[in-house]
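Just so you know, these numbers use all the heavy atoms, side chains as well, and skip hydrogens, waters and symmetry mates.
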There are 2 protein chains.
Amino acid sequence: MVDNKNLNQSIIKAFILLDAFTNDKKEWGVRELANKTGYNKSTVYRLLSTLVSLNVIHQNENEKYRLGSKLFELGNRVSLYQSLITVTNQPIKNVALEIQETVLLGALKEQQVFYLNKADSLQGLKISTSIGSYQPIHATASGKLLLAFSSVNTQENYLKNNSLTAFTQNTITKKNELKSKLQIIKNQKYALDLEEFELGLICIAIPIFNKKGNAIASISASGPSSRFRLENVQNYISILQKGAHSIENSLQDFDSL
Amino acid sequence: MVDNKNLNQSIIKAFILLDAFTNDKKEWGVRELANKTGYNKSTVYRLLSTLVSLNVIHQNENEKYRLGSKLFELGNRVSLYQSLITVTNQPIKNVALEIQETVLLGALKEQQVFYLNKADSLQGLKISTSIGSYQPIHATASGKLLLAFSSVNTQENYLKNNSLTAFTQNTITKKNELKSKLQIIKNQKYALDLEEFELGLICIAIPIFNKKGNAIASISASGPSSRFRLENVQNYISILQKGAHSIENSLQDFDSL
DNA sequence: CTAAAGCGTTTCATTTAATGAAACGGTGTT
DNA sequence: AACACCGTTTCATTAAATGAAACGCTTTAG
């Protein structure tokens, strides 16, 4: 790895700017972005102008900036996920229809859960987790599940290098508690998130195995606690499992992500 | 628009590098990329290192570089297209199954055709046009179709500012010829590309209308001329039209793209 | 109707960072 | 054992990014 001092500062700044454009805040002005990032407004303006000239960012009629088609184009070229997305589109959609909640496909990536694909429920109340986003391992069903099915090395490495931040009063914050929870999850072959990341949000995750028997991804259903009944867990799981098997049958040679 | 001299050169170089990662060439080495772009290999190395540190590019075990998850993440945040893609996934897939050729969803963007979504045929011989890519208006079925259904202003603006480059011996290169062709296309409500962009490649496109009656997108089928029979045009069109109607029914309030 | 405050944009002297040639250390090949 | 090729690092030179202030414009306030 190259020394930190040798990294190109303009590029880093450009991507920090791009990261400010989220689903919750899609549009930014120059001064606004300068305040948010701490960069000089001239710098922000020039960086944005450059990105506009490359179609990485578009400028609205109201002068506000938003993400542009070049990112869409490049995002669609990221080959690692293409086949996995194609293969999972239909199965997770079917699960979402049957389960009537948002369905997400997750994978471990850099000590976090990375969401690869999503099928929205048709319900009015939807969760906002978006494709391509990350969430903490210890506070999510997908995260705990995937960690539970990881190697002992991966687990210990994770526990050593991460502090378990509390997001709600239900978040697991003690490493010993998480460790024994992982054992339970592996035995019961599913994981729950009972408002551990966000109050009012419940989630169930089960593993997707490749032919070598490794859990390479998770399929999960998320919905508001108001709709969730603990006695229906087995029902949710059996629907998710239909989806998981359908995906597993289509999978060819994914070892990991 | 900002003066060209004020654009950030590092960012431009970074995106020129990223653009080298195509579906046909997904992996690059440092020297290889340096040769391709004309940049010094030290520069390429440092740019790549920066992009790796940002997860914009990943490095394989064999030291080769490829596009990374940050682009996937950002690409999925480009909001302009999200709902249109969700709405069209299933219809174009159905069309692809029935028509047995690659189906593309196109829209006009900056005097070019921009492909928003794609459903592959199951045939061995597939076309390589990818989501997010651009093609010239005058040499494609989708381009000619969308231009034909554009306003007179848009048409004349296009004809004024673009020269009609020949890609094959069949490409329309005379502006008067294109102009009269547009009239025909608008009347018959479909457009053909008979090896006008790439030899051996045939394409049929029909419009998708919004509720205001504007053609906001095209749906097209592309395949090798060896499989294509002119007498089947009406059959292709009726299958495409089923897909178009299905999309039109799902569309809510897209005026343009 | 004018003043003030907001915005994106441009300017220009100053500073900081990107640059390229060459060397380095590793791997695989002849 | 010699060579060729790779990604990587070094360091003096050069070129480009930077920030404060001013600009022109639009929107809001008095």
For this session: Calculate the interatomic distance between B/Tyr39 atom OH and C/dA21 atom P; express it in whole Å.
Result: 16 Å
For this session: Dump the intermediate steps for side-chain hydrogen bond (donor to acceptor under 3.5 Å, both in side chains) on B/Tyr158 and B/Gln111, then the final yes or no.
Result: CA-CA 7 Å; B/Tyr158 171 81; B/Gln111 318 251 43; over 6 Å; no
For this session: Mind calculating the distance between CG (A/Leu51) and P (D/dA17) to the nearest angstrom?
Result: 13 Å
Exercise. Is there a side-chain polar atom (N or O) of A/Asn40 under 4.0 Å from OP1 or OP2 of D/dT18?
Worked result: no
Problem set entry | Modelled atom types, side-chain donor and acceptor of B/Gln135 and B/Tyr115, under 3.5 Å | yes
For this session: Record whether the side chain of B/Arg46 comes under 3.5 Å of the base of C/dG20 through a donor-acceptor pair of N or O atoms.
Result: yes
For this session: Round to a whole Å and report the spacing from CD of B/Glu32 to P of D/dG7.
Result: 8 Å
Exercise. Hey, which of these two, B/Arg31 or B/Ser10, hits DNA chain C nearer its 5' end, going by closest nucleotide?
Worked result: B/Ser10
Problem set entry | Pairwise side-chain contact, B/Ile57 with B/Phe21, heavy-atom cut-off 4.5 Å (strictly under) | yes
Exercise. Expressed in angstrom and rounded to an integer, what is the separation of B/Gln9 atom CD from C/dT16 atom C1'?
Worked result: 17 Å
Problem set entry | Side-chain N or O of A/Lys64 closer than 4.0 Å to phosphate OP1/OP2 of C/dG8 | no
Exercise. Taking CG from A/Leu47 and P from D/dA17, how many angstroms apart are they, rounded to a whole number?
Worked result: 9 Å
Exercise. When you measure from the side chain of A/Tyr65, which nucleotide among C/dG8, D/dG19, D/dA17 comes out closest?
Worked result: C/dG8
Seminar exercise, completed: note: B/Leu33, atom CG; D/dT8, atom C1'; distance rounded to Å ~ 16 Å
Problem set entry | Which nucleotide in C/dT19, C/dA23, C/dT9 has an atom nearest any side-chain atom of B/Lys41 | C/dA23
Problem set entry | B/Phe197/B/His138 aromatic ring centres below 6.0 Å | no
For this session: Return no unless some side-chain N or O of A/Thr43 is found under 4.0 Å from OP1 or OP2 of D/dG19.
Result: yes
Exercise. In terms of the angle between their ring planes, are A/Tyr134 and A/Phe114 parallel, tilted or perpendicular, with boundaries placed at 30° and 60°?
Worked result: tilted
For this session: Let me know the distance between NZ of A/Lys13 and C1' of D/dT18, rounded to the nearest Å.
Result: 8 Å
Exercise. Counting side-chain heavy atoms from CB outward, which of C/dT19, D/dT8, C/dC12 is closest to B/Val30?
Worked result: D/dT8
Exercise. When you measure from the side chain of A/Gln59, which nucleotide among C/dG8, D/dT18, D/dG7 comes out closest?
Worked result: C/dG8
Problem set entry | Length of the CG-C1' vector between B/Leu48 and D/dT9, whole Å | 15 Å
For this session: Determine the contact category for B/Ser42: base if any of its heavy atoms lies under 4.0 Å from a base atom, sugar-phosphate if only primed atoms, P, OP1 or OP2 are that close, otherwise nothing.
Result: base
